[in-house]
Structure formats: structure tokens, C-alpha cells
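Have a look at the structure below, then the notes.
Numbers restart at 1 for each chain; the letters A, B, ... are given by sequence-line order, proteins then strands. Since this is a predicted model, take the numbers as computed values, not measurements. All values below come from the heavy atoms of this structure, side chains included, with hydrogens, waters and symmetry mates left out.
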Amino acid sequence: MPDLATPLIAWYRDNARDLPWRAEGFGAWGVLVSEFMLQQTPVARVIPLLEAWLTRWPTPTALAADPPAAAVAQWANLGYPRRALWLHRAAVEIRDRHDGVVPREVEALLALTGIGDYTARAVAVFAYGERHPVVDTNTRRVIARAVDGRSQPGPPARGDLAAMTALLPRDDQDAAIVNAAMMELGALVCTARAARCDVCPISALCAWRAAGYPDTGDLRRKQAAYEGSDRQARGAVLHALRAAPSHALPADDVAADWPTPAQRDRAIDSLIVDGLVEVVDGNLRLPQ
DNA sequence: CACGCGTGGGG
DNA sequence: TCCCCAAGCGT
């Protein structure tokens, strides 16, 4: 396996986007919040809401002092609002178990609500400079192509972390840059739809390119159909309740035009279970 | 391990 | 237009 780190580091120095969480001194809490928001939500939509979030809650303790409902409301339209509840819960855990300081150990980060393999290592590496493999979907795609010679990665698997570890230089700072560079390359150059090999710093070393871009068959899990799904129904319920801020609505009036009432009711029930909808005297409202 | 979970932008 | 995609996580 040729050395990918050296060209990646040089490329990253010249081509990395100037993103808020990469600013010197952005802080571990800011990095952690950004990572929560970036879970399945594009960068461009995260940036303005991240700034607003950190202005309102500059520390985990500040967030923990407000009710979870405040976090859900501030989450606005980022999608997957359960993440707002998880982030709030993580803030409480940081206050109660870590004296209000975002932990730097991967194991401690993994124990927080809403933090998994990716986010734990992203915080440890990008906020604290520790040396670990950080593997997201971009990184997995770049490894699939450059190293394994396949057009797309399979589903996340054990072994992903080991594969990335093999690419990391010894030096902690260089390792952090290579982690970031793999993600950045996947986001900007070696994307899911296209591979811009003409501007890729490792095209000469790429196994997929060398093999003539074989289409290995796409093993990625397909996103479930959204049209007609329970998720869509939940989205419609939330949309209706957001449109009626502060006052509760009779349950029958919420998304009343939804084509299948049973599905609408199921969506409401699941949102109540998740803590994203409240029942007050038989009326529904967003938690407050 | 495969599935459920929002919302919106771009090719 | 419509479909695909987007720094995952919990169960």
C-alpha cells in the first residue's frame, strides 16, 4: 500500500474549507455540537444553526440547565429531532459525570447519549488532538476506492477502524490532518455521485482508477422510500405542530388531511413515546 | 445486523 | 421533474 498520507496532507493544506469548527480555539463543546448536527445533515444547513446554538448555550452546563424542549425548538428544521434530545441528554451527562467538561477519552465519549464510533473519535481527534481513526461515510468511500478498488463501500463494518488506522502517520497532528483530509476528499472530490480524479491528490495511487473503474455492484443500504412512510407522517405531524406554536391542537386536527388516519395516529403515538410531542387534556403540542 | 429515523438541496 | 444524497445513532 503506497503512502497516501503525504499527498493528502499537502492537498488538505491548500484545499480544506474554512469551516467554523476548524477555527483555532473553537472548543470541544462547539466541535461536539457540530458533530451532532452534521449527523446526516449537510454542512451548509448546519452552519447558521450551530452559531445560534452556541450563542445561546456556550457550554454543556448552560444547555443542561434548560429543558429538553428548548433544545428541540432550537433544533428547528435540521431534521432527525431526536438528535436534539440526545444532545441535551449528553449535556446533562457531561455536567453530572464530567464536571461540565467535554471528555477527551474515546471510551468516556462513547458512553454519552447520541455519541457512537464516529462522533466519539471525531471529538477526541479534532477537539483534543488525540490519535485515533475517524471513519465516516466519506472516509469509507475513499478507502473503498483508493485502497480496495471498489466503486462504493459496503455498509459500515468492523474492520473500518483498522483499515483507517493503517493509513495514519505516527505523529498525532499529522494523523488528525489525515483523518480530516480523507473526509474532506470524500466530501469535495471523491463524492458518491462522481469522482473528480482530475483534481484528486491520490489519483495516481488509486486502486479503483488503476483497475479501470470497475463497477463492483453497490452494496450500500438503500434509503427506505420516504413517500408514504411513517417517517413522512411524523414529519407532517411535527410540521403541523410547529405551525401552531405554544398552543395545543385537538389531536384530530393535527395533519387532518393525512390520507391514512391509522398511520397518522401511529406517527403521533411514536412521537409521544420519543418525547417529541406532548398530550395536554387530549390536545397535542410540542414539548415546552 | 438491518432497520427506523426528517428535511431540504442539487444533479 | 424526480431521485439521490447528506460528518450516524440506537435498538
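Within 4.0 Å (heavy atoms only), A:Gln223 reaches at least one base atom of the nucleic acid. Residue A:Leu110 is classed as having no contact, given no heavy-atom separation below 4.0 Å to the nucleic acid. Counting any heavy atom pair closer than 4.0 Å across all strands shown, A:Asp230 reaches sugar-phosphate atoms only and no base atom. In this structure, A:Tyr226 reaches the bases: a heavy-atom distance under 4.0 Å links it to at least one base atom across the strands shown. A:Thr139 comes within 4.0 angstrom of nothing in the nucleic acid, heavy atoms only.
In this entry the distance linking CD of A:Glu35 with C1' of C:dA6 reads 14 Å, nearest Å. Atoms CG (A:Leu112) and C1' (C:dG10) sit 14 Å apart, rounded to a whole Å. Between the CG atom of A:Leu85 and the P atom of B:dG6 there is a distance of 10 Å, rounded to whole Å. Separating the CZ atom of A:Arg221 from the C1' atom of C:dC5 is a distance of 14 Å, rounded to the nearest angstrom. Rounded to whole angstrom, the span from the CG atom of A:Leu219 across to the C1' atom of B:dA2 amounts to 15 Å. Here C:dA7 presents its P atom at 19 Å from CD1 of A:Ile115, a figure rounded to the nearest Å. At whole-Å resolution of the value, CG in A:Leu241 and P in B:dG6 are 13 Å apart. The interatomic distance linking A:Gln152 (CD) with C:dA6 (P) rounds to 9 Å, in whole Å.
The residue among A:Asp218 and A:Gly114 whose nearest nucleotide of DNA chain C lies closer to the 5′ end is A:Asp218. Each of A:Pro156 and A:Leu276 has a nearest nucleotide on DNA chain B; the 5'-most of these lies closest to A:Pro156.
Side-chain atoms of A:Arg45 come within 3.5 Å of backbone N or O of A:Asn77 as a donor-acceptor pair. Looking at A:Asp171, its side chain does come within 3.5 Å of a backbone N or O of A:Gln173 through a donor-acceptor pair. Of the possible donor and acceptor atoms, one in the side chain of A:Arg131 sits under 3.5 Å from a partner among the backbone N and O of A:Arg170. Put simply, the side chain of A:Arg150 never gets that close to the backbone of A:Thr216: no donor and acceptor are under 3.5 Å apart.
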Let's test your reading of the pairing rules: Watson-Crick or G-U wobble, both distances under 3.5 Å, then write DNA chain B as a dot-bracket string with ( ), [ ], | and dots. .||||.|||||
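Pairs of residues two or more places apart, or lying in two chains, that qualify as side-chain hydrogen bond (donor to acceptor under 3.5 Å, both in side chains) and include a residue from residues 54-65 of chain A are A:Arg56-A:Gln74, A:Trp57-A:Asp66. Residue pairs satisfying the side-chain hydrogen bond (donor to acceptor under 3.5 Å, both in side chains) criterion with at least one member in residues 93-115 of chain A, sequence neighbours excluded, are listed as follows: A:Glu93-A:Thr113, A:Arg104-A:Glu130.
Comparing atom distances between the A:Ala224 side chain and each of B:dG4, C:dA7, B:dG6 picks out B:dG4 as nearest. Distances were taken from every side-chain heavy atom of A:Trp21 (C-beta onward) to each of C:dC9, B:dC5, C:dA7; the shortest belongs to C:dA7. Among the nucleotides B:dG8, C:dC5, C:dG8, the one closest to any side-chain atom of A:Ala192 is C:dC5. In the set B:dG6, C:dA7, B:dT7, the nucleotide with an atom closest to the side chain of A:Arg45 is B:dT7. Listed nucleotides C:dA7, B:dG6, C:dG10 differ in distance to A:Trp86; the shortest reach to its side chain belongs to C:dG10. Side-chain proximity of A:Glu184 to the nucleotides B:dG11, B:dT7, C:dA7 is greatest for C:dA7. Closest to the A:Arg22 side chain, of the nucleotides C:dA7, B:dG8, B:dG6, is C:dA7.
Using a 4.0 Å cut-off on heavy atoms, none of the residues of residues 258-266 of chain A approach DNA chain C. Within residues 118-136 of chain A, the residues that place at least one heavy atom under 4.0 Å from DNA chain C are, in residue-number order, A:Tyr118, A:Thr119, A:Asp136. Listed by residue number, the members of residues 157-168 of chain A with any heavy atom below 4.0 angstrom from DNA chain C form an empty set.
With hydrogens and angles left out, the side-chain atoms of A:Asn15 and A:Glu184 include no donor and acceptor closer than 3.5 Å. A donor and an acceptor atom, one from each side chain of A:Tyr118 and A:Gln39, are nowhere located under 3.5 Å apart. Between the side chains of A:Arg83 and A:Thr41, at least one donor N or O lies within less than 3.5 Å of an accepting N or O. In this structure, a donor-acceptor pair under 3.5 Å is absent between the side chains of A:Asp281 and A:Asn283.
Among A:Val178, A:Ile9, A:Val147, the one residue that satisfies the side chain to side chain contact (heavy atoms under 4.5 Å, CB included) test with A:Leu4 is A:Val147. When each of A:Leu271, A:Val254, A:Val72 is checked for a side chain to side chain contact (heavy atoms under 4.5 Å, CB included) with A:Leu238, only A:Leu271 meets the rule.
The heavy-atom pair separating A:His132 from A:Ala124 by the smallest distance is CD2-CB, 4.0 Å. Here the closest heavy-atom approach between residue A:Met164 and residue A:Asn179 is recorded as CE-OD1, 3.3 Å.
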Any chance you could lay out the salt bridge (charged side-chain N to carboxylate O under 4.0 Å, His left out) test for A:Asp274 and A:Arg234, step after step, and finish with the verdict? CA-CA 11 Å; A:Asp274 288 346; A:Arg234 284 168 58 106; 2.9 Å; yes
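Of the P atoms belonging to B:dG11 and C:dA7, the separation is 14 Å, rounded to the nearest Å.
Here A:Arg82 does not reach the OP1 or OP2 of B:dT7: none of its side-chain N or O atoms lies under 4.0 Å away. Residue A:Asn77 places none of its side-chain N or O atoms closer than 4.0 Å to OP1 or OP2 of B:dG6.
Taking hydrophobic clusters as Ile, Leu, Val, Met, Phe, Trp and Tyr residues chained together by side-chain heavy-atom distances below 4.5 Å, A:Val277 does not share a cluster with A:Val280.
Remark: the A:Ser229 side chain and the B:dG4 base include no donor-acceptor N/O pair separated by less than 3.5 Å. A:Arg231 contributes a side-chain N or O that forms a donor-acceptor pair with the base of B:dG6 under 3.5 Å.
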